[in-house]
Amino acid sequence: MAPPATLRGRAALALGIREDELGPAACGFAFFFFLFCGYFMLRPIRETMGIQAGVDQLQWLFTATFVAMLAVAPLFGWLSARVPRATLVSWVYAVFALAMAGFGAVLHLLPGSAWAARVFYVWLSVFNLFVVSIAWSLMADVFRMESAKRLFALIAAGASAGGLCGPLLGGLLAGALGPAGLLLLSALLLAATLPLKVRLLRWRAADRQETANDDMRRPIEGSILAGLSGVFRSRYLMGISLLVILLATLNTFLYMEQARLVADAFPDTAQRIRVFSVLDFTVQALSLLSQVFVTGRVAARLGLRFLLAAVPLAMAAGFLVLAAYPVFGVLAAVMIARRVGEYALIRPGREMLFTTVPPEDKYKTKNVIDTVVYRAGDAASGWVKAGVDMLGHGAALVALLGAAFALGAAAVGYALGRRADGD
């Protein structure tokens with residue numbers, strides 16, 4: 001077969017997608033770039049404030065975040081039942097942009113306050129999960145499964161590119177703007193996603209014939225608690241919820257060990273910020289390369305079962321190594337491997353699972369799974385981790401438990417992926 005004659009054709013061939021998909025792929029990439037660039041400018045501040053609030057208090061912060069998610073979920077259900085689906089993202093992002101500006105004022109007026117640090121930590125955790133979940137709901141609404149297998153990794157690469165630029169911008173502008181200025185800049189980047197949403201919805205309208213139940217101009221039917229009850233509506237959604245809880249547990253175990261080892265190894269606040277920034281930069285660079293050149297081709301050839309099972313299996317091995325050598329260098333390597341696998345394989349694969357469900361589940365149930373269920377896993381595993389620490393067996397016992405949870409996540413991920421692949 002002759003190679004494509006146009007530059008667009010050659011670009012599509014290099015990326016493993018169709019030529020007509022270049023435009024929506026670019027819009028999705030830019031959407032997540034702006035979203036994650038703004039968030040990752042603030043992430044080092046959040047991690048530092050988490051330590052400032054007390055490493056031994058992290059389980060309380062996880063619990064507070066879970067409670068906040070429980071409060072936000074019905075509000076989102078109420079809003080989605082009244083606002084047309086086409087404008088739902090705009091409404092939600094406008095609310096968060098205003099809240100971001102308000103927190104900029106709070107951090108400016110109360111620098112060094114432990115309570116301000118705790119509230120900001122919880123709020124940014126809610127913000128991150130909520131706006132990212134809504135963004136992926138939009139993508140699951142725009143793209144069908146066939147296109148999602150080719151495009152979701154490229155779209156997720158926008159998140160990695162934003163994760164690379166965000167810490168760099170934050171480091172360059174922190175001195176001039178301060179936390180309040182960085183929050184305002186992040187609010188502007190959040191607003192920049194909205195014109196891209198409009199272009200994606202135009203492509204969706206041109207790509208399919210809408211039915212009455214799939215009309216983007218209508219609100220999402222169902223009660224304000226439909227998202228919470230929807231988790232138990234099918235074994236498929238319950239399986240996704242279980243996978244999210246197991247993955248959240250792995251993340252929490254590693255995150256709390258990371259906070260403890262960083263606090264011990266780097267007593268200076270500036271050193272801690274640099275360590276977190278280096279880790280974030282490394283993760284995003286490796287994720288970006290994988291998302292652009294590897295994930296889409298792997299999804300097309302090996303299916304979702306590989307995307308969802310390979311990383312938990314690798315994490316089980318990583319936890320066993322950590323059990324034998326519980327030092328910061330080993331933990332950093334395992335943490336990087338987990339996060340790269342999450343961004344490059346698991347997250348695109350998990351979002352593909354929602355392309356086949358009804359609109360109510362794409363937005364309401366998915367949002368509950370991504371926020372409430374995820375943070376419930378965080379909160380529960382945070383207390384489990386604190387209880388294990390009280391036993392006095394150190395990182396080895398935590399690592400062994402992590403390996404067991406990783407094997408469970410691999411089994412659930414494989415089963416979900418096999419069903420989505422149509423086997």
Could you go through Arg144 and Thr355, starting from their C-alpha distance and side-chain angles, then the distance that decides it, and tell me whether this counts as side chain to side chain contact (heavy atoms under 4.5 Å, CB included)?
CA-CA 6 Å; Arg144 304 176 190 269; Thr355 60; over 6 Å; no

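No side-chain heavy atom of Met139 sits under 4.5 Å from any side-chain heavy atom of Leu151. For the pair Arg85 and Asp141, the minimum side-chain heavy-atom distance is below 4.5 Å.
Between Phe36 and Tyr39, the ring-plane angle classifies as perpendicular under the 30° and 60° cut-offs. Classification of the Phe76-Phe130 ring pair by plane angle, with boundaries at 30° and 60°, yields perpendicular.
The side-chain contact (heavy atoms from CB on, under 4.5 Å) test with Leu35 is passed by exactly one of Ile134, Asn128, Val132: Val132.
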Less than 3.5 Å apart, which donor and acceptor atoms pair up between the side chains of residues 179-202 and the rest of the protein, not counting sequence neighbours?
residue : atom : partner : partner atom : Å
Ser186  : OG   : Gly38   : O            : 2.9
Ser186  : OG   : Leu182  : O            : 3.0
Thr193  : OG1  : Leu190  : O            : 2.7
Lys197  : NZ   : Ala86   : O            : 2.8
Lys197  : NZ   : Ser90   : OG           : 2.8

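A pairwise comparison of heavy atoms in Gly349 and Leu308 identifies C-CD2, 3.9 Å as the closest pair.
In terms of the ring pair (Phe, Tyr, Trp, His ring centres under 6.0 Å) criterion, residue partners of Phe32 (sequence neighbours excluded) are, by chain and number, Trp136.
Leu289 contributes atom CG, which lies 9.5 Å from atom OG of Ser160 (distance to the nearest 0.5 angstrom).
With ring centers used as reference points, Phe96 lies 6.0 Å or more from Trp91.
Sorted by first and then second residue, the pairs that involve residues 346-358 and meet salt bridge (charged side-chain N to carboxylate O under 4.0 Å, His left out), not counting sequence neighbours, are Arg347-Glu351, Arg350-Asp370, Glu351-Lys366.
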